[in-house]
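In what follows, a single structure is set out as structure tokens and then discussed.
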Amino acid sequence: ARFREEISVFLQGEGDEALKPADHDAVMPVLLRLLYGRAVGSAKDNQNARRKAIFVALSRFEPKVLGAFIDIAIAKTQKEGEAASGTDFAMPLRQQVGMLNMINDMLETLGSGLEPYAIQLADTALLCTVSAGEKLENEDKDDIQDASLLRAVRQSGLQSLVKIFADNENLDLSSQGKTTVEKLISPRMTNFAAENLQGVSAMLKLCSAWSKSTTHCKHLFQDPRILNGLAELLGHSGSQNEVKIFILRDVLDKLVLNTAVIETFQPYVSAFVASISKILSSQHPAGDLLSICVKSTTKLAERITDPKQA
């Protein structure tokens, strides 16, 4: 609370303790680097509050100030290259985790207010996440150095991508979505159901973010295994109820209502209907799961073409 008050007074207040408008150009470059250091500093109980105070304060200035802060935050990734590519990305893993955690907090705090920087942030998240994912997938599982840090990078990067796509439904992120499917989702589709049984993962949240957007929904159809994998996971006897409910309510129901994919989605209707039927006939659902199964079946009813399912 004290830091939040001090930063607010200094950046937006009046009097002797406040930053004078005439000093902005001279002071801001140094101040932004100091604030970045505080934002990515060692984790403490009040770290999130400190970060949010910094982000809110910077967002009240003209856009170039927040843009300059973001440039500082992702500077080391820009030196390596702007596109997500390969395993040669050399930024230390702990720095990647700190940067991605800070980006996540920024996205959570400012949301769609970061639209001017969304592509830049998505490319940064992809660069780190793809590199970590390729190292985890391509190397011997028993001989991966820093495996826990690599998983933390991949997880935090995916969380950032979820927020970016969810907060910017109409922004053209076609290149970033294509790379996400090719580099992060498709390589893991073989074990998709098994890896997502126990809880609502970042991968499922990403599918949800895409399903509700007429701009981003095309990425769900980029690899046929994505929707087939979701249908399989839905009907899997080992998947938790929260996973089934999420797929039905936050992915399937949004796709059914998405006018941009009416025809494209049709080939997958039978698979989802079959999974819902399996839940109703053999898994004895109750409460919220039963209710959402009935609602989803009603929404799919007019699209059923298989006489056995009608």
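Just so it is clear, the model here is predicted, and its values are computed rather than measured.
Without hydrogens or angle criteria, T297 side chain to C293 main chain gives a donor-acceptor distance under 3.5 Å. Using a distance-only test at 3.5 Å, with no hydrogens or angles considered, a donor-acceptor pair links the side chain of S239 to the main chain of L233. A donor-acceptor pair is defined here as one N or O able to donate and one able to accept, closer than 3.5 Å; such a pair exists between the side chain of K244 and the backbone of H236. Looking at D253, its side chain never comes within 3.5 Å of a backbone N or O of S296 through a donor-acceptor pair. A donor-acceptor contact shorter than 3.5 Å is absent between the side chain of S291 and the backbone of G287. Between the side chain of Q176 and the backbone N or O of L126 there is no donor-acceptor pair closer than 3.5 Å. A donor-acceptor pair under 3.5 Å is absent between the side-chain atoms of T77 and the main chain of T124, judged by distance alone. No donor-acceptor distance shorter than 3.5 angstrom exists from the side chain of N196 to the backbone of S201, with no hydrogens or angles considered. At least one donor-acceptor pair closer than 3.5 Å links the side chain of Q266 to the backbone N or O of R303. Side chain of N258 to main chain of K254: no donor-acceptor pair is present (N/O by atom type, distance under 3.5 Å, no hydrogens or angles).
Of all the heavy atoms in M189 and R225, the pair that sits closest is CE-O, 2.9 Å. Contact record, A118 with L171: CB-CD2, 3.5 Å, taken as the closest heavy-atom pair. Taking every heavy atom of both residues into account, P187 and E182 meet most closely at CD-O, 3.4 Å. Nearest approach of L100 to S160, heavy atoms of both residues: O-OG, 3.9 Å. Heavy-atom minimum distance, P267 versus E263: CD-O, 3.6 Å. Considering every non-hydrogen atom in both G157 and A125, the closest pair reads O-CB, 4.0 Å.
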Please lay out, stage by stage, how L204 and V251 fare under the test side-chain contact (heavy atoms from CB on, under 4.5 Å).
CA-CA 8 Å; L204 291 178; V251 181; 5.9 Å; no

Passes side chain to side chain donor-acceptor pair (under 3.5 Å), K52 versus T109? Steps please.
CA-CA 6 Å; K52 291 178 180 179; T109 303; 5.0 Å; no

Determine, step by step, whether V261 and L220 satisfy the side-chain contact (heavy atoms from CB on, under 4.5 Å) criterion, reporting the C-alpha distance in whole Å, the side-chain angles of both residues, the deciding distance to 0.1 Å, and the verdict.
CA-CA 10 Å; V261 293; L220 288 171; over 6 Å; no

Can S112 and D167 be said to form a side chain to side chain donor-acceptor pair (under 3.5 Å), step by step?
CA-CA 5 Å; S112 59; D167 290 338; over 6 Å; no

Given E195 and M203, is the side-chain contact (heavy atoms from CB on, under 4.5 Å) satisfied, shown in steps?
CA-CA 10 Å; E195 291 182 353; M203 198 85 75; 5.7 Å; no

Show the numbers, then the answer: is there a side-chain contact (heavy atoms from CB on, under 4.5 Å) between M99 and C128?
CA-CA 10 Å; M99 178 188 67; C128 298; 3.5 Å; yes

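Under the 30°/60° scheme for interplanar angles, the aromatic rings of F272 and F265 are found to be tilted.
A ring pair (Phe, Tyr, Trp, His ring centres under 6.0 Å) check over residues 145-167, counting only residues at least two apart or in different chains, returns the pairs F165-W210, F165-H216.
Listed by chain and number, the residues in a side chain to side chain donor-acceptor pair (under 3.5 Å) with K218 are S174 (sequence neighbours excluded). Listed by chain and residue number, Q120 satisfy the side chain to side chain donor-acceptor pair (under 3.5 Å) test with D71 (two or more places apart in sequence, or in another chain).
The shortest side-chain heavy-atom distance between L290 and L280 falls under the 4.5 Å cut-off. Taking 4.5 Å as the limit, some side-chain heavy atom of L289 sits within range of a side-chain heavy atom of L248. Looking at I185 and L206, their side chains come closer than 4.5 Å, going by heavy atoms from C-beta outward. When side chains are defined from C-beta on, L149 does not count as touching V153, because their heavy atoms never get closer than 4.5 Å. The shortest distance between side-chain heavy atoms of L150 and L93 falls below 4.5 Å. When side chains are defined from C-beta on, V97 does not count as touching S156, because their heavy atoms never get closer than 4.5 Å. With contacts defined as side-chain heavy-atom distances shorter than 4.5 Å, the pair I226/F192 does not qualify. Residues L114 and I70 form a side-chain contact, since some pair of their non-hydrogen atoms from C-beta on lies under 4.5 Å apart.
Follow the hydrophobic side-chain contacts under 4.5 Å out from L252 and you never reach L257; the two are in separate clusters. Residues L227 and I262 do not share a hydrophobic cluster, defined by chaining ILVMFWY side chains whose heavy atoms lie under 4.5 Å apart.
Note: R249 CZ to D288 CG = 8.0 Å, rounded to the nearest 0.5 Å. Going from atom NZ of K299 over to atom CG of L255 covers 11.5 Å, rounded to the nearest 0.5 Å. Taking CD1 from I279 and CG from L234, the interatomic distance works out to 4.0 Å, rounded to the nearest 0.5 Å. With values rounded to the nearest 0.5 angstrom, K163 atom NZ is found 12.5 Å from M106 atom CE. With rounding to the nearest 0.5 angstrom, the CZ atom of R51 is 13.0 Å from the CG atom of L35. Expressed to the nearest 0.5 Å, how far OG of S175 lies from CG of D123 amounts to 6.5 Å.
Partner of E137 under the salt bridge (Lys or Arg N to Asp or Glu O under 4.0 Å) criterion, chosen from K183, R151, R154: R154.
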